[in-house]
There are 2 protein chains.
Amino acid sequence: MPSPRSADELLRLDNQLCFAVYSTSLAMTKLYQPHLARLRLTYPQYLAMLALWESDGPMVSELGARLSLDSGTLTPLLKRLEATGYVERRRAIDDERRVHIHLTAAGRKLKARAAQVPECLLAASQCSISELTALTRELQALRDRLRAA
Amino acid sequence: MPSPRSADELLRLDNQLCFAVYSTSLAMTKLYQPHLARLRLTYPQYLAMLALWESDGPMVSELGARLSLDSGTLTPLLKRLEATGYVERRRAIDDERRVHIHLTAAGRKLKARAAQVPECLLAASQCSISELTALTRELQALRDRLRAA
DNA sequence: CACGATTTGATTGCACACAATCGAATCGCG
DNA sequence: CGCGATTCGATTGTGTGCAATCAAATCGTG
């Protein structure tokens with residue numbers, strides 16, 4: 001007896017954790033978009049800036065490890081952030097393969113305005129902080145298990 | 001007093017629910033990818049097939065509402081599914097604006113093989129069914145609140 | 001020091017994802 | 001019936017996301 005559930009139950013869209021994650025991620029992006037547009041950022045660009053505000057000057061590969069994005073995604077994204085004026089891409093002198101990403105003055109200054117974004121969305125979500133924190137931890141745990149699998 | 005938290009805490013990447021959702025979604029996609037490649041499906045194509053196995057013959061807009069994707073995404077995706085031979089796009093005779101999406105015999109036949117995918121990933125996730133079900137419901141609730149906001 | 005292996009960012013090609021716009025078809029109100 | 005409003009899918013342009021590949025630079029072992 002292979003499975004206790006029917007194929008229909010197993011394949012029902014509303015039973016899929018993967019679709020719940022996927023559609024929540026799309027809904028999240030749409031909610032952030034108008035707020036981020038005022039900062040001249042896309043959603044993945046915003047995540048990159050969050051990482052840089054925490055730790056300035058990483059190599060592209062280090063930033064990629066933090067965001068789990070590869071160079072094929074990050075290279076054009078970072079070039080656009082550079083074009084907007086928020087970061088600078090500097091090749092290391094001791095190892096010319098490396099490119100380090102540094103915040104510009106405008107990029108550092110943006111942090112204050114960006115702090116209003118999570119505050120604003122916190123209010124919009126209609127959830128308590130503890131609720132959101134708990135869900136965040138659950139998802140991080142799931143993500144880490146998926147990566148290990 | 002605007003906020004009880006500092007800007008640093010508020011902007012920390014690991015405190016962001018949005019990043020937890022985003023990175024979990026990417027990890028999920030990567031885990032599914034090799035399984036779906038054997039079925040000649042991408043991850044969003046798989047979600048579209050799940051919707052069609054539940055309810056065959058919807059309009060493009062109906063399918064879009066189910067998946068929360070618009071025609072700019074679905075039109076090329078469905079053309080690729082048609083090229084693979086899993087669906088057929090038929091313009092309605094009574095209203096020629098409408099395009100209905102129908103499973104082909106190959107598309108219907110695929111369902112049996114696809115049923116192995118969630119079974120396989122269920123095992124890989126190292127989670128109990130009840131755990132996954134609870135998280136799925138929580139995310140659906142969050143998603144619906146985000147859409148309403 | 002030499003040379004194969006590795007690391008690193010860049011590039012290319014394919015597939016979403018969505019905003020904006022379009023044109024055709026239909027609807028609905030007067 | 002007529003005509004403006006609406007609905008519907010398609011198209012275009014921008015921006016990810018990733019696999020595969022590349023070239024340059026560095027590392028490591030002998």
Side-chain angles (χ1 to χ4, degrees), chain A residues 18-19 21-34 36-37 39-49 58-65 67-84 86-87 89-101 147, chain B residues 18-19 21-34 36-37 40-49 58-65 67-84 87 89-101 147:
Chain A
C18 73
F19 180 61
V21 173
Y22 174 83
S23 55
T24 303
S25 182
L26 294 186
M28 192 76 85
T29 304
K30 279 177 197 165
L31 200 57
Y32 270 82
Q33 198 276 336
L36 297 180
L39 307 180
R40 301 180 63 191
L41 289 175
T42 65
Y43 186 71
Q45 286 170 11
Y46 170 68
L47 297 178
M49 293 300 288
M59 293 165 46
V60 174
S61 57
E62 288 169 343
L63 188 58
L67 301 172
S68 54
L69 296 174
D70 74 356
S71 73
T73 302
L74 279 179
T75 294
L77 184 152
L78 293 170
K79 284 183 176 174
R80 280 186 277 271
L81 278 180
E82 187 172 42
T84 308
Y86 291 147
V87 309
R89 297 162 62 252
R90 287 209 293 265
R91 203 165 282 275
I93 40 176
D94 60 320
D95 184 344
E96 294 195 352
R97 294 171 305 179
R98 302 183 181 184
V99 171
H100 289 267
I101 310 300
R147 282 178 183 163
Chain B
C18 73
F19 180 60
V21 173
Y22 174 81
S23 54
T24 303
S25 183
L26 294 186
M28 192 76 86
T29 304
K30 279 177 198 167
L31 199 57
Y32 270 81
Q33 198 276 334
L36 297 180
R40 302 181 62 191
L41 289 175
T42 65
Y43 185 71
Q45 285 170 11
Y46 169 67
L47 297 178
M49 292 300 287
M59 293 165 49
V60 173
S61 58
E62 288 169 343
L63 188 59
L67 301 172
S68 54
L69 295 173
D70 73 356
S71 73
T73 302
L74 279 179
T75 294
L77 184 152
L78 293 171
K79 284 182 177 175
R80 281 185 279 269
L81 279 180
E82 186 172 42
T84 308
V87 308
R89 297 162 63 254
R90 288 209 293 265
R91 204 165 281 276
I93 39 174
D94 59 320
D95 183 344
E96 294 195 351
R97 294 172 305 181
R98 301 182 181 184
V99 170
H100 290 268
I101 310 301
R147 284 178 182 162

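Order of the sequence lines sets the chain letters (A, B, ...), proteins ahead of strands, with each chain counted from 1. Model, not experiment: these values are computed from the prediction.
- Taking OH of A/Tyr46 as the reference point, atom CG of A/Leu36 lies at 6.5 Å (rounded to 0.5 Å).
- B/Glu96 places its CD atom 6 Å from the P atom of C/dT26, with the value rounded to the nearest Å.
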Protein N or O to nucleotides 14-17 of chain C N or O, pairs below 3.5 Å:
{"residue": "C/dC16", "atom": "OP1", "partner": "B/Thr42", "partner atom": "OG1", "Å": "2.6"}
{"residue": "C/dC16", "atom": "OP2", "partner": "B/Gln45", "partner atom": "NE2", "Å": "2.9"}
{"residue": "C/dC16", "atom": "OP2", "partner": "B/Arg80", "partner atom": "NE", "Å": "2.6"}
{"residue": "C/dC16", "atom": "OP2", "partner": "B/Arg80", "partner atom": "NH2", "Å": "3.3"}
{"residue": "C/dC16", "atom": "O5'", "partner": "B/Arg80", "partner atom": "NH2", "Å": "3.4"}
{"residue": "C/dA17", "atom": "OP1", "partner": "A/Tyr22", "partner atom": "OH", "Å": "3.3"}
{"residue": "C/dA17", "atom": "OP2", "partner": "A/Tyr22", "partner atom": "OH", "Å": "2.3"}

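- For the pair A/Thr75 and C/dA10, the criterion of a side-chain N or O lying under 4.0 Å from OP1 or OP2 is met.
- Among the protein residues, B/Ser61 comes within range of the sugar-phosphate backbone only, with heavy atoms under 4.0 Å from sugar or phosphate atoms but none that close to a base.
- With a 6.0 Å radius and a threshold of 12 heavy atoms from other residues, nucleotides or ligands, A/Arg40 has its CZ atom at or below the threshold.
- Computed from coordinates, the B/Glu62 CD to D/dT7 C1' distance equals 13 Å when rounded to whole Å.
- The nearest whole Å value for the distance from the CD1 atom in B/Ile101 to the C1' atom in D/dC8 is 13 Å.
- For the pair A/Arg90 CZ and C/dT8 C1', the computed distance is 19 Å after rounding to whole Å.
- When each of A/Arg98 and A/Ala27 is assigned the nucleotide of DNA chain C bearing its nearest heavy atom, the one mapping closer to the 5' terminus is A/Arg98.
- Under the 3.5 Å distance criterion, with hydrogens and angles disregarded, a donor-acceptor pair is assigned to the side chains of B/Ser68 and B/Arg147.
- For the pair A/Arg89 and C/dA10, the criterion of a side-chain N or O lying under 4.0 Å from OP1 or OP2 is met.
- Here the CG-NE2 distance, from A/Asp95 to A/His100, works out to 8.0 Å after rounding to the nearest 0.5 Å.
- Nearest heavy-atom pair, A/Ala48 versus A/Leu81, reported as atom, atom and distance to 0.1 Å: CB-CD1, 4.3 Å.
- A donor-acceptor pair is defined here as one N or O able to donate and one able to accept, closer than 3.5 Å; such a pair exists between the side chain of B/Arg91 and the backbone of B/Glu96.
- For the pair B/Leu47 and B/Leu67, the tightest heavy-atom approach, listed with the atom from each and the gap, is O-CD2, 3.7 Å.
- Per the geometry, CD belonging to B/Gln33 stands 10 Å off P belonging to D/dC18, to the nearest Å.
- Along DNA chain C, the nucleotide nearest to A/Val99 and the one nearest to B/Asp94 differ in position, and the one closer to the 5' end is contacted by A/Val99.
- Summarising the local packing, CZ of A/Arg89 is surrounded by more than 12 heavy atoms from other residues, nucleotides or ligands at distances under 6.0 Å.
- Summarising the geometry of B/Tyr22 relative to A/Ser25, their closest heavy-atom pair is CA-OG, 4.0 Å, with the distance given to 0.1 Å.
- Here the P atom of nucleotide D/dA25 and the CD1 atom of A/Ile93 are 15 Å apart, to the nearest Å.
- Under 4.0 angstrom from either OP1 or OP2 of D/dT11 there lies at least one side-chain N or O belonging to B/Lys79.
- In this structure, A/Leu78 atom CG and D/dT16 atom P are separated by 10 Å, rounded to whole Å.
- Side-chain atoms of B/Asp95 lie closest to C/dA25 of the nucleotides C/dA25, D/dA25, D/dG9.
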All N/O contacts under 3.5 Å from nucleotides 21-23 of chain C to the protein, with atom names and distances to one decimal?
none

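- Out of D/dA10, C/dA10, D/dT26, the shortest distance to the side chain of A/Arg91 is found at C/dA10.
- Nearest approach of B/Leu41 to B/Gln45, heavy atoms of both residues: CA-OE1, 3.6 Å.
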